[in-house]
> 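Input: one structure, supplied below.
Fair warning: this is a prediction, and the values are worked out from it, not measured in the lab. Per chain, numbering begins at 1; letters A, B, ... match sequence-line order.
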Amino acid sequence: MTEPLMALERVCKWYPVGSERLTVLQDVSFAVYPGEFVSIMGPSGSGKSTLMHILGCLDQPSSGRYVLRGRPVDGLTGDELARVRNREIGFVFQNFHLLPRMTALRNVELPLVYAGVAREERRRRALARLEEVGLRDRISHLPNELSGGQKQRVAIARALVNKPAILLADEPTGALDTRTGREIMGIFTELHQRGVTIVVITHDPGVASFAQRILHMLDGRLVGEERGRGA
Amino acid sequence: MNFSEMIAASWSSLMANKLRSMLTMLGILIGVASIIAIVAIGQGGKAAVITAIESQGAEETIQILPREVVEPGLPQPGQVLKFTDQDFQLVQGFTGVASVSYSLYGQGVVVYRNHQVNASIQAGPAQLNDLAHFVVVDGRMFTDADVAAHRSVAVLSQSLAGKLFGSGIDPVGKVVRIAGHPLQVVGVAASTQFNLFASILGADYIYLPATTCHDFFPWWNITEMDVRIAPGTDKADLSQRLVTVLNIHAHNPNAFEDASGFLIGVERIVGTVTSILTLVIGAVAGIALVVGGVGVMNIMLVSVTERTQEIGIRMSLGATRRAILLQFLTESVMITVMGGSLGILLGVLASWIVHWTTPLPSVVSWQAVAVGFLFSVATGVICGIYPANKAARLDPIDALRYE
Ligand SMILES: Nc1ncnc2c1ncn2[C@@H]1O[C@H](COP(=O)(O)OP(=O)(O)OP(=O)(O)O)[C@@H](O)[C@H]1O
Ligand SMILES: [Mg+2]
């Protein structure tokens with residue numbers, strides 16, 4: 001079998017609350033293999049976002065190990081982590097997280113700016129991504145001039161612009177109506193078919209079912225796994 | 001992210017809060033503008049005073065004055081030494097001395113029919129026009145013969161003539177009075193130099209032969225000896241010998257001095273005053289810059305807090321801490337540099353306005369401009385580094401979750 005792309009080994013995460021420890025993740029272990037489409041489900045507060053932040057190198061486990069492409073993440077410097085977030089991982093958030101004063105195009109260009117790509121090339125690539133998500137005619141709109149579905153498409157274009165191997169999405173359809181949500185999941189399915197490894201967090205079983213594997217979380221633990229219809 | 005992109009990004013974020021950015025700039029702007037303007041006016045004034053003083057000395061005349069007049073510090077009335085007739089005879093005997101005269105200064109009311117004008121009286125030798133820097137534009141200057149014969153003749157400054165006679169009357173040939181003494185106007189004089197003090201002292205002068213004036217006002221002390229030197233004489237050497245002899249004669253080694261000593265004294269005062277002024281202004285401008293800098297720091301801290309989530313988003317997209325630090329630092333330096341540049345413009349403008357609308361000439365020095373600019377860059381860096389560092393050290397998750 002191939003090497004896992006992302007592997008969590010007995011990961012715990014806790015926060016100090018007063019003199020107590022609030023444990024948010026408890027001994028979580030699982031692996032995601034290249035090209036997989038995984039979804040994570042669980043009730044609110046079960047630690048899904050926390051898990052995704054660790055997978056995305058935005059946060060560190062309190063104990064246990066996270067190994068990305070065979071490399072333990074805790075050995076990486078701040079700049080290396082920034083580079084991983086820039087090149088290897090794309091994020092999509094529930095509330096889009098677009099920069100409000102930048103046009104759709106400039107938002108999509110942003111990861112390329114931090115990757116040091118020259119202006120012309122940046123524009124060309126950002127336009128291509130926006131075209132793929134069907135927003136060619138909205139490139140100079142500001143986020144507040146876009147609908148929720150359009151904002152999420154811009155966010156997806158931005159997550160993909162640096163051609164990351166991994167796409168992490170935290171409730172990408174949470175702020176959208178069912179039909180728009182399905183459209184976004186359609187885009188994800190297409191990306192999966194092109195070989196992108198995808199982890200989607202959701203409340204919605206319908207959304208989760210797009211994945212190959214569905215992991216269930218409860219109170220900071222992984223409590224079960226089933227196959228989705230994406231398999 | 002390269003430099004020009006950083007500039008563009010900072011610009012757009014400053015433009016997003018135009019009014020706030022402008023208000024933040026104000027402190028720096030005022031600080032820098034005041035540095036530029038005050039230094040320009042101060043240096044211009046100093047330069048003008050010095051040229052005005054330096055141009056006083058006529059080439060072939062040595063002016064000797066009592067040291068009390070020359071040295072800084074007010075002479076005590078009554079203690080001021082004056083020249084005696086013997087002093088004049090003594091000096092007359094020197095080789096290299098062509099002629100000796102004296103100058104008298106005072107105030108008096110000049111009367112023509114029912115017009116009365118308070119004027120400055122300057123009396124001296126026939127070369128008074130060189131010593132006092134004027135040319136006769138109408139009529140003639142009084143001559144050596146007029147001086148020798150104690151003739152009652154006078155030359156009026158254009159301003160005084162205008163006030164006494166109005167337009168349409170030729171003053172030359174008319175008779176005016178001072179203290180009841182009639183004087184025939186023989187000429188009208190125009191000043192040949194920019195007179196820094198004209199607006200303060202007035203430009204109404206009446207010039208008389210020294211002898212005539214001495215006849216009218218015998219109680220005026222003779223405190224200036226004007227020695228015309230013969231061609232080919234070493235002026236400095238002669239001056240030194242004259243002063244030495246006069247001092248011996250007065251039984252006082254410090255009795256008299258060449259007027260050039262006076263110039264040095266005044267220059268020294270002007271220099272001291274200017275440096276004190278510069279220091280005071282520097283302190284004021286420094287305080288303005290500090291206050292401005294605190295304002296910049298405050299706004300940058302507000303901006304970091306407001307944009308916490310933006311910082312988190314940028315970090316999630318791959319911004320390094322260094323990139324975040326530079327982003328905020330560029331913004332704060334941009335604020336202060338823009339403030340500083342506008343301050344330079346305003347300061348230069350203010351100096352020009354002073355230059356063209358007042359008799360004070362002002363000289364914008366590139367050093368002041370450079371210092372102003374450097375100060376604004378430094379303020380931006382110093383006051384931006386803490387907020388920028390605060391932004392760069394945010395935890396990505398805390399920043400992303402910030403509401
Ligand atoms: N900085 C923190 N300090 C203390 N507790 C925290 C902190 N961040 C998160 N938590 C807690 O961790 C738990 C898990 O949060 P998380 O956001 O991962 O939940 P979630 O499964 O994504 O929920 P939701 O479906 O509502 O998004 C919550 O109980 C939350 O209160
Ligand atoms: Mg969540």
Side-chain angles (χ1 to χ4, degrees), chain A residues 13 15 24 49-60 76-103 106-119 122 142-143 155 157-162 164 168 170, chain B residues 1-21 299 302-331 334-335 388-403:
Chain A
K13 180 77 187 177
Y15 295 100
V24 175
S49 296
T50 307
L51 184 66
M52 196 198 85
H53 293 149
I54 290 174
L55 289 175
C57 296
L58 283 165
D59 205 354
Q60 311 285 331
L76 299 183
T77 65
D79 280 4
E80 283 168 338
L81 289 174
R83 196 188 150 85
V84 167
R85 295 194 289 263
N86 186 235
R87 310 284 169 98
E88 300 188 28
I89 298 168
F91 289 97
V92 176
F93 300 96
Q94 174 175 0
N95 43 3
F96 323 120
H97 280 348
L98 298 177
L99 295 191
R101 288 194 312 268
M102 290 189 174
T103 61
R106 300 250 290 116
N107 261 288
V108 176
E109 280 185 30
L110 212 51
L112 298 172
V113 169
Y114 290 119
V117 176
R119 197 178 304 244
R122 218 158 66 196
L142 291 171
R158 184 176 71 180
L160 294 174
V161 74
N162 235 343
L168 301 177
D170 191 352
Chain B
M1 206 171 194
N2 68 31
F3 186 66
S4 70
E5 279 163 6
M6 209 116 76
I7 298 284
S10 300
W11 174 255
S12 68
S13 94
L14 293 187
M15 282 301 107
N17 275 311
K18 284 195 194 67
L19 183 64
R20 185 164 95 180
S21 307
I299 286 301
V302 169
S303 170
V304 169
T305 307
E306 278 178 353
R307 288 153 71 189
T308 301
Q309 206 178 46
E310 171 186 329
I311 295 164
I313 295 169
R314 286 177 182 272
M315 285 175 163
S316 78
L317 298 177
T320 57
R321 294 193 186 280
R322 191 170 158 272
I324 301 291
L325 182 105
L326 286 178
Q327 181 192 342
F328 282 91
L329 204 55
T330 310
E331 261 181 58
M334 186 175 262
I335 290 180
N389 197 43
K390 193 179 166 195
R393 291 164 83 87
L394 282 173
D395 181 71
I397 287 305
D398 290 345
L400 265 180
R401 285 190 188 252
Y402 184 87
E403 311 258 85

> Using non-hydrogen atoms and a limit below 4.5 Å, what part of residues 10-19 of chain B faces chain A?
B:Ser12, B:Ser13, B:Ala16

> Salt bridge or not between B:Arg20 and B:Glu306? Use side-chain N to carboxylate O under 4.0 Å.
yes

> Go through the atoms of A:Arg106 and report whether side chain, backbone, both or neither lie under 4.5 Å from a heavy atom of chain B.
side chain

> With heavy-atom distances below 4.5 Å as the criterion, would you say the side chains of A:Leu99 and B:Arg314 are in contact?
yes

> Quick check on B:Arg307 against chain A: is it the side chain, the backbone, both or neither that has a heavy atom closer than 4.5 Å?
side chain

> Is there side-chain contact between B:Arg321 and B:Met315, with at least one heavy-atom pair below 4.5 Å?
yes

> Under 3.5 Å, side chain of A:Arg122 to main-chain N/O of A:Val113, donor-acceptor pair present?
no

> Suppose we screen for side chain to side chain donor-acceptor pair (under 3.5 Å). Which residues come up paired with A:Gln94, at least two apart in sequence or across chains?
none

> Only counting residues at least two apart or in another chain, list the ones meeting side chain to side chain donor-acceptor pair (under 3.5 Å) with A:Thr50.
none

> What class does the angle between the rings of A:Phe93 and A:His97 fall in, given that below 30° is parallel, 30 to 60° is tilted and above 60° is perpendicular?
tilted

> Is there a side-chain contact between A:Leu58 and A:Phe91, using heavy atoms and a 4.5 Å cut-off?
yes

> Heavy atoms under 4.5 Å from chain A: which residues of residues 389-398 of chain B carry them?
B:Pro396, B:Ile397

> Taking B:Ile299's backbone N and O only, do any of them form a donor-acceptor pair with B:Ser303's side chain (distance below 3.5 Å, no angle check)?
no

> Between the side chain of A:Asn86 and the main-chain N/O of B:Ala319, is any donor-acceptor distance below 3.5 Å?
no

